[in-house]
Colleague: 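Quick one: the structure is below, questions incoming.
Computed from a predicted structure; not experimentally measured. As the structure lists them, so they are numbered: ligands from 1, and atoms in each ligand from 1.
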Amino acid sequence: MFDSLTDRLSGIFTQLRGKGRLSEADIDATAREIRLALLEADVALPVVKEFIRNIKERARGAEVSQALNPAQQVIKIVHEELVATLGGEERRLNFAKQPPTVIMLAGLQGAGKTTLAGKLGRWLRQQNHTPLLVAADLQRPNAVNQLQIVGERAGVEVYAPEPGNGVGDPVQVAKDSIEHAKRVQRDVVIIDTAGRLGIDAEMMAQAAAIRDVTDPDEVLFVIDAMIGQDAVATAEAFRDGVGISGVVLSKLDGDARGGAALSVRQVTGQPIMFASTGEKLEDFDVFYPERMASRILG
Ligand code: GDP
């Protein structure tokens, strides 16, 4: 992941080694190359523009430092700007004062929502929570089954419509699941919702209806990091159609160029909260902007 971006940036920094004070021309040339590297990594244009503006401004204003040579100074500035672009501090889950906390998962089909439900369930259980997974994706015939398998692996109960009750109404299932959670004393309800292959008005309306009846404490938008720049349009659609409070980046183990990861926070205005890095339930962690920036810089 991010390999080509890492290589490009390290090449740019190498060229600065051995230079004395950076001239205006050096700063411009470096900024231009960083801009190209980000664009090649499929980072959204407005994000690239702001990034470059900040880098230039800070490089020009940088004090001549005894401790850092110009190359190190630029690396430090780029690192800090990467951290800021990725969200700065990590953001923790918002828990309801009065349980159950409701976490709704939204995103396109194949983004990794069902897998995430299991990962999040397992992770919460390890922290002594008592999660409940809810099968409100009734669009795909196999989705309920898939969630049940994931729930079993995670050791987390799954609330699903009774088999034989027809297709069922996902909004009703979601609503009933909250009552069920209260009855059986589950403190976090994780609702898996239906996605489509592309943005779809009906899917968005259903997600909004589920949001309305469950009043979630978090709406986590799950996005496949591999889709790069397309992430922007999808993220905007979910932000406007459902309203999201946080982002989960999935498939960070693939060879994503970095575009989605580096664009999504600024585009949605919401923090990246978790990272999914594989198909196994343990391939999951809180998202740390600082660590990700360090990884990008190699
Ligand atoms: P959903 O349609 O949004 O519920 O997506 P799924 O959870 O069914 O995931 C779609 C596919 O991506 C499945 O084959 C998952 O095993 C796979 N998947 C999910 N998360 C990850 C991840 O972080 N890394 C990798 N490599 N595969 C993942």
Side-chain angles (χ1 to χ4, degrees), residues 1-3 86 103-124 131-154 156 158-161 167-168 170 173-174 177 189-200 202-204 206-207 210-211 216 218-228 230-231 233-235 237-238 241-242 244 246-261 264 268 272-288 291-292 295:
M1 185 193 53
F2 297 143
D3 289 350
L86 291 164
I103 302 174
M104 175 176 160
L105 308 182
L108 294 182
Q109 185 176 316
K113 292 182 295 301
T114 305
T115 311
L116 173 72
K119 290 176 173 180
L120 201 52
R122 177 181 179 274
W123 183 81
L124 285 164
L132 175 74
L133 307 187
V134 179
D137 176 358
L138 307 181
Q139 217 80 47
R140 273 190 307 136
N142 202 30
V144 175
N145 196 14
Q146 197 193 336
L147 188 69
Q148 266 156 345
I149 292 169
V150 160
E152 206 162 295
R153 277 201 209 126
V156 177
V158 174
Y159 182 88
V167 177
V173 169
S177 74
V189 178
I190 301 169
I191 305 175
D192 187 20
T193 66
R196 295 276 165 87
L197 289 172
I199 303 295
D200 171 293
E202 198 186 323
M203 163 188 76
M204 217 50 100
Q206 185 184 89
I210 291 175
R211 176 204 63 206
E218 298 277 10
V219 179
L220 300 186
F221 169 60
V222 185
I223 191 145
D224 178 343
M226 306 282 285
I227 73 173
D230 289 349
T234 312
F238 276 90
V242 189
I244 63 181
V247 177
V248 179
L249 282 173
S250 73
K251 310 193 193 179
L252 276 173
D253 51 312
D255 58 354
R257 283 180 289 169
V264 75
T268 60
I272 304 169
M273 295 177 61
F274 296 102
S276 244
T277 50
E279 297 194 61
K280 293 202 289 295
L281 293 184
E282 56 270 32
D283 299 330
F284 171 77
D285 203 353
V286 169
F287 182 78
Y288 297 101
R291 282 189 209 168
M292 180 62 83
R295 251 174 82 181

Colleague: Between Thr277 and ligand 1, which residue portion shows a heavy-atom distance shorter than 4.0 Å: side chain, backbone, both, or neither?
Modeller: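 For Thr277, the contact with ligand 1 is made by the backbone alone.
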
Colleague: Ignoring hydrogens, just give me the one of Ala275, Gly278, Gly110, Ala194 whose non-hydrogen atom is nearest atom 2 (O) of ligand 1.
Modeller: Gly110

Colleague: Determine, considering heavy atoms only, which of Lys251, Arg140, Gln139 sits nearest to atom 12 (O) of ligand 1.
Modeller: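 Among Lys251, Arg140, Gln139, the closest heavy atom to atom 12 (O) of ligand 1 comes from Lys251.
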
Colleague: Quickly, which of Val247, Leu120, Ile244 forms a side-chain contact (heavy atoms from CB on, under 4.5 Å) with Leu220? Name it, please.
Modeller: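 Option passing the side-chain contact (heavy atoms from CB on, under 4.5 Å) with Leu220: Leu120.
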
Colleague: Pull out every atom of ligand 1 sitting under 4.0 Å from any heavy atom of Lys113, numbered as shown with elements.
Modeller: 1 (P), 3 (O), 4 (O), 5 (O), 7 (O)

Colleague: Are any non-hydrogen side-chain atoms of Val156 and Arg122 less than 4.5 angstrom apart?
Modeller: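 In short, these two side chains do not touch, never coming nearer than 4.5 Å.
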
Colleague: Are Thr268 and Phe238 side-chain neighbours, meaning at least one heavy-atom pair lies under 4.5 Å?
Modeller: no

Colleague: Closer than 3.5 angstrom, by distance alone: can the side chain of Ser250 be matched with the main-chain N or O of Ala111 as a donor-acceptor pair?
Modeller: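 Yes, the answer is positive, given that a donor and an acceptor are paired below the 3.5 Å cut-off.
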
Colleague: List every atom of ligand 1 that sits less than 4.0 Å from any heavy atom of Gln146, numbering the atoms from 1 in the order shown and giving each element.
Modeller: 6 (P), 8 (O)

Colleague: Any N/O of Asp192 closer than 3.5 Å to an N/O of ligand 1?
Modeller: no

Colleague: Hey, are the side chains of Met273 and Glu218 touching, using non-hydrogen atoms and a 4.5 Å cut-off?
Modeller: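 Yes, their side chains come closer than 4.5 Å.
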
Colleague: Quick one: does Ile223's side chain get under 4.5 Å of Leu249's, heavy atoms only?
Modeller: yes

Colleague: What atoms of ligand 1 come closer than 4.0 angstrom to any heavy atom of Lys119?
Modeller: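 Taking each heavy atom of Lys119 in turn, ligand 1 has 23 (O) under 4.0 Å.
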
Colleague: Which of the numbered atoms in ligand 1 are under 4.0 angstrom from any heavy atom belonging to Gln109?
Modeller: 2 (O)

Colleague: Does the residue Leu108 have a heavy-atom contact with ligand 1, meaning some pair of atoms that are separated by less than 4.0 Å?
Modeller: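 A heavy atom of Leu108 does come that close to ligand 1.
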
Colleague: Spell out, as yes or no, whether a donor-acceptor pair under 3.5 Å connects the side chain of Lys119 to the backbone of Asp283.
Modeller: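 Such a contact is found between Lys119 side chain and Asp283 backbone.
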
Colleague: Any heavy atom of Asp253 closer to ligand 1 than 4.0 angstrom?
Modeller: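 Yes, Asp253 has heavy atoms under 4.0 Å from ligand 1.
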
Colleague: Going by heavy atoms in the side chains, are Met292 and Ile272 under 4.5 Å from each other?
Modeller: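 Answer no - side chains too far apart.
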
Colleague: Taking a cutoff of less than 4.0 Å between a non-hydrogen atom of the residue and any ligand atom, is Ala111 in contact with ligand 1?
Modeller: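 It does, in that a heavy atom of Ala111 comes within the 4.0 Å cut-off of ligand 1.
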
Colleague: In terms of residue, atom name and distance, what is the protein heavy atom nearest to atom 5 (O) of ligand 1?
Modeller: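 The answer is Gly112 N, 3.0 Å.
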
